[in-house]
4 protein chains.
Amino acid sequence: MARLTRAESQARTRERLIASGRIAFARTGYVSASIEEIAEGAGFSKGAFYSNFATKEALALEIARFDTDEVVQATVTAIDHAKGNPDRMMANVAALARSLSENPDRYILRAELMLHAARSPGFAAAYQEQYIRQHQQITELIATLLYQLNVPPLSAPSVLASAVMALAQGHALLRPVGDPSSFAETLRTFLDTAVHRARLAAEVDKSLSTGQPRASSSEQPA
Amino acid sequence: MARLTRAESQARTRERLIASGRIAFARTGYVSASIEEIAEGAGFSKGAFYSNFATKEALALEIARFDTDEVVQATVTAIDHAKGNPDRMMANVAALARSLSENPDRYILRAELMLHAARSPGFAAAYQEQYIRQHQQITELIATLLYQLNVPPLSAPSVLASAVMALAQGHALLRPVGDPSSFAETLRTFLDTAVHRARLAAEVDKSLSTGQPRASSSEQPA
Amino acid sequence: MARLTRAESQARTRERLIASGRIAFARTGYVSASIEEIAEGAGFSKGAFYSNFATKEALALEIARFDTDEVVQATVTAIDHAKGNPDRMMANVAALARSLSENPDRYILRAELMLHAARSPGFAAAYQEQYIRQHQQITELIATLLYQLNVPPLSAPSVLASAVMALAQGHALLRPVGDPSSFAETLRTFLDTAVHRARLAAEVDKSLSTGQPRASSSEQPA
Amino acid sequence: MARLTRAESQARTRERLIASGRIAFARTGYVSASIEEIAEGAGFSKGAFYSNFATKEALALEIARFDTDEVVQATVTAIDHAKGNPDRMMANVAALARSLSENPDRYILRAELMLHAARSPGFAAAYQEQYIRQHQQITELIATLLYQLNVPPLSAPSVLASAVMALAQGHALLRPVGDPSSFAETLRTFLDTAVHRARLAAEVDKSLSTGQPRASSSEQPA
DNA sequence: GATGAATGAGACTTCATTCAT
DNA sequence: AATGAATGAAGTCTCATTCAT
């Protein structure tokens with residue numbers, strides 16, 4: 001095996017601590033998760049933690065960065081791989097939503113971080129940067145999707161992005177108290193409806209101009 | 001002033017502790033809020049707390065009950081006061097959404113409780129009861145609203161209730177990290193759209209049967 | 001045995017913690033002495049310590065107060081018991097010096113506190129109050145002594161008080177590095193000299209007026 | 001510039017660490033000063049520290065040696081430069097006292113070391129060697145001074161040396177708690193008094209033998 | 001010789017909880 | 001019922017020291 005340089009070795013340590021931290025924060029909560037638990041989960045001592053992060057909050061921030069990177073990357077990929085094809089785009093977005101919401105830990109973790117942000121102004125400011133990055137990317141995803149579907153948006157894409165993010169976040173929190181509904185499902189319904197409506201609208205325009213009757217309006221949900 | 005009986009006096013103490021607990025849990029977080037802080041906020045000592053609640057979790061549960069009672073009561077009132085009038089119902093629901101989301105502390109508190117539920121099976125079971133009560137009431141509110149608006153639902157009312165609750169919850173969490181969007185606004189948009197669509201659908205049906213042209217489909221958002 | 005009231009019981013706890021703290025600070029040093037060590041020395045748990053003192057520094061301050069009280073009290077007694085008699089006063093002061101310097105722990109403790117004062121402005125301000133109390137009392141002791149001995153002072157009594165306190169403090173610190181000299185001895189020498197000089201001066205005055213020779217000036221040290 | 005040899009380079013590192021250690025011990029205290037702080041102050045890493053000193057205590061010892069060397073050297077110079085002239089000697093001693101006491105850090109540092117000596121027998125033994133060197137040198141300074149002034153000593157010069165060292169040490173510790181008096185001032189007073197007394201004594205002897213009146217005894221302090 | 005990541009003991013402090021008053 | 005002193009476990013963080021690079 002190739003010997004790791006010192007820098008590589010430390011980067012590995014950091015990565016493991018971050019991974020362990022994500023698990024610990026999600027499982028135990030930001031406040032309750034102990035440095036001991038986090039370090040041990042990564043296979044290190046408490047001291048190693050403090051060699052890599054000044055405080056627990058510093059780790060939380062790094063986790064937020066990591067988490068954002070992942071989501072942004074996945075979003076970019078979803079857009080790029082669709083290559084302008086609306087059907088592929090729909091499928092990609094649905095798959096992305098399912099994949100993200102399939103692991104509720106991500107949203108539990110986010111809830112922890114957001115609650116911490118509500119109490120720590122410093123952390124809030126730093127976390128905000130990450131939030132904005134994600135929000136912009138999702139806004140772009142939505143705008144692209146709507147454009148490709150040729151669907152006039154209900155609201156501005158950035159507002160829709162907020163709504164989508166809130167919905168995903170909220171769903172994850174409702175689950176532990178017994179709510180069986182799923183964000184991916186809800187989103188899927190909206191997407192299908194939007195497409196259906198787009199197609200329907202075109203059809204209606206045509207039928208209006210020819211005087212032919214169309215499908216009943218009860219099939220056209222919102 | 002009339003002397004309070006022993007029972008009344010204790011009930012008062014409980015109430016104050018519950019009120020203080022809501023504030024403390026929202027401000028400081030469930031884990032970080034100390035019994036001392038809660039008791040002091042109610043004007044009592046730690047001992048008084050333990051005379052009224054076995055543990056911190058027992059208080060959390062009582063708080064959940066209280067919170068649910070408030071929301072259920074407000075929902076019932078919103079339905080009843082509409083007296084079958086769709087416009088009044090629309091206004092009531094919008095007002096309810098605004099009033100609830102105006103105080104983000106309620107949702108911060110709920111996030112705390114939901115996260116705690118994710119870790120404490122006992123608490124989760126107990127909180128679930130409360131959640132179900134709210135969910136049923138909101139389902140009824142939605143069903144009633146849709147019925148009065150004569151709008152065919154996108155999904156089952158109970159699923160819509162979950163979505164609405166998730167959206168409200170999610171929005172509250174997004175705020176501390178800088179998201180400026182508002183749940184009440186989002187909901188309002190949906191409501192208006194739904195009404196618009198309902199009216200439009202009726203008009204379309206009519207125009208179709210008479211052959212008259214209708215407003216362009218681009219005015220029909222989703 | 002008489003049952004202790006709650007207040008009495010806590011006062012006892014405080015006293016024991018203070019006593020234990022004095023020992024621990026002197027033996028182990030202010031920084032190194034642990035709350036555990038202090039509490040255990042008093043027969044309590046760490047928690048009991050924090051029920052009585054907010055921080056280690058708060059204990060240090062209480063110790064300073066206690067220490068000052070003792071010294072001030074002893075000084076007052078030394079003055080009062082002399083009842084204006086110069087010989088008794090001399091003996092009292094010498095005894096006081098011996099008794100204080102016989103227990104070097106007091107000065108070790110003081111050195112710890114003074115060093116801490118050099119680093120903690122808050123503590124310095126609070127300790128200063130105690131220092132001033134002692135200094136004033138010792139100034140009074142010295143002024144009284146000089147007056148009764150009818151010795152014109154080398155400097156202002158308050159400056160002499162500083163010198164005496166510094167000397168006592170310094171001697172205690174020199175001991176651990178092997179200096180065998182003693183503050184009490186040094187002070188005794190000064191006192192005897194002062195008296196001797198006072199007597200001598202009177203004699204010289206007399207001899208001058210009668211023309212009788214006196215003892216050689218080489219017997220009159222400084 | 002000439003390349004430093006390996007040995008020279010290491011000597012430089014040691015010197016810097018010692019200088020940084022003096023500052024750190026004085027500023028932060030022996031116990032609280034961290035190796036990191038010391039190394040960083042010297043522009044090195046912790047590793048460099050441990051390449052030069054086995055433990056923190058080893059550095060303390062080296063610092064003690066350094067400090068002693070400086071004082072001894074200054075004392076020797078003060079004696080030598082006086083070249084037997086009493087007035088110059090007086091001035092030199094006064095200047096030395098002022099220069100030493102002008103930087104209270106030296107005495108803060110010494111207090112730290114002495115307190116550490118009180119707790120570490122090994123360190124005490126080693127520090128004692130340094131103390132003795134200084135004490136002997138100061139004893140010689142005092143003896144020389146008294147001889148040149150032709151003043152019969154109050155006590156043995158070595159005892160006076162202890163007193164002077166204690167006084168200097170004590171004064172430095174009293175300062176942080178607000179004592180405004182100064183060792184240099186105190187010493188100056190003593191020196192002036194001693195000289196005055198020496199001159200006076202000579203005059204008195206003369207006046208006694210001639211029957212002439214002399215200055216009032218109240219001008220002759222002790 | 002110098003670096004600094006990692007260790008692990010130990011520090012101060014907080015806090016849910018108990019219990020005598 | 002209410003108080004609050006005391007407990008003791010647990011948490012965050014510091015730091016002297018080691019050792020591979």
Side-chain angles (χ1 to χ4, degrees), chain A residues 3-14 17 31-39 43-57, chain B residues 6-7 9-10 12-14 31-40 43-57 59, chain C residues 3-14 17 31-39 43-57, chain D residues 6-7 9-10 12-14 31-40 43-57 59:
Chain A
R3 214 44 162 296
L4 290 178
T5 71
R6 242 175 167 202
E8 286 168 339
S9 166
Q10 189 172 16
R12 248 171 90 86
T13 304
R14 269 183 85 86
L17 286 168
V31 176
S32 294
S34 71
I35 303 299
E36 172 95 54
E37 173 187 352
I38 294 167
F44 293 97
S45 68
K46 271 180 294 181
F49 177 90
Y50 283 101
S51 287
N52 280 280
F53 302 97
T55 62
K56 209 208 265 198
E57 203 174 64
Chain B
R6 188 78 78 87
S9 167
Q10 190 167 10
R12 247 171 92 84
T13 304
R14 272 182 82 85
V31 176
S32 294
S34 71
I35 303 298
E36 172 99 52
E37 173 187 354
I38 294 166
E40 206 161 74
F44 293 97
S45 68
K46 275 177 292 180
F49 177 90
Y50 282 100
S51 291
N52 281 277
F53 301 97
T55 63
K56 212 207 265 198
E57 203 173 66
L59 171 66
Chain C
R3 210 51 161 293
L4 289 178
T5 71
R6 245 174 164 201
E8 286 167 341
S9 166
Q10 189 172 15
R12 247 170 92 86
T13 304
R14 268 184 86 85
L17 286 167
V31 175
S32 294
S34 72
I35 303 299
E36 172 95 54
E37 173 187 353
I38 294 166
F44 292 98
S45 68
K46 271 181 293 182
F49 176 90
Y50 283 101
S51 288
N52 281 279
F53 302 97
T55 61
K56 210 208 264 199
E57 202 174 64
Chain D
R6 189 77 79 86
S9 166
Q10 190 168 10
R12 247 172 92 84
T13 304
R14 273 182 80 85
V31 176
S32 293
S34 70
I35 303 298
E36 172 98 52
E37 173 187 354
I38 294 166
E40 204 161 77
F44 293 97
S45 69
K46 275 176 293 179
F49 177 90
Y50 282 101
S51 291
N52 282 278
F53 302 97
T55 62
K56 211 207 265 198
E57 202 173 66
L59 170 66

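Residue numbers begin at 1 in each chain, while the letters A, B, ... track the order of the sequences. Not measured: the values here are computed from a predicted model.
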* Partners meeting side chain to side chain contact (heavy atoms under 4.5 Å, CB included) with Ser45(D) (sequence neighbours left out) -> Ala48(D)
* Whole-Å gap separating C1' (dT18(E)) and CZ (Phe53(B)) -> 19 Å
* To do: Starting from Watson-Crick (N1-N3 plus N6-O4 or O6-N4) and G-U wobble pairs under 3.5 Å, report the runs of at least three that DNA chain E belongs to.
  => E:2-21 with F:2-21
* Asked: Under 4.0 Å between a side-chain N/O of Thr13(A) and OP1 or OP2 of dA5(E), yes or no?
  -> no
* Structure fact -> Whole-Å distance, Asn52(D) CG to dG1(E) C1', equals 8 Å
* **Euclidean distance, atom CD of residue Gln10(A) to atom P of dT21(F) [Å, nearest integer]** => 14 Å
* To do: Only counting residues at least two apart or in another chain, list the ones meeting side chain to side chain contact (heavy atoms under 4.5 Å, CB included) with Ser51(C).
  => none
* Asked: Quick one: is Ser51(C) getting a side-chain N or O under 4.0 Å of the dG4(F) phosphate, OP1 or OP2?
  -> no
* Structure fact -> Counting primed atoms, P, OP1 and OP2 as sugar-phosphate and everything else as base, the B/S/- map of nucleotides 9-15 of chain E against protein heavy atoms under 4.0 Å is -BSSBBS
* Value in whole Å for how far the P atom of dA20(F) lies from CD of Glu8(A) -> 19 Å
* Asked: Choosing from dA2(F), dA6(E), dA6(F), which nucleotide comes nearest the side chain of Ser45(C)?
  -> dA6(F)
* Separation of dC15(F) C1' from Ile38(D) CD1 (nearest whole Å) -> 12 Å
* To do: Please name all residues satisfying salt bridge (charged side-chain N to carboxylate O under 4.0 Å, His left out) with Glu36(D), sequence neighbours left out, ordered by chain then number.
  => Lys46(D)
* Would you please name every residue forming a side chain to side chain contact (heavy atoms under 4.5 Å, CB included) with Gln10(B), sequence neighbours left out? => Asn52(B)
* Asked: Does Phe53(A) have any side chain to side chain contact (heavy atoms under 4.5 Å, CB included) partners at least two apart in sequence or in another chain, and if so, which?
  -> Arg14(A), Leu17(A), Ile18(A), Phe49(A), Ala58(A), Leu59(A), Glu62(A)
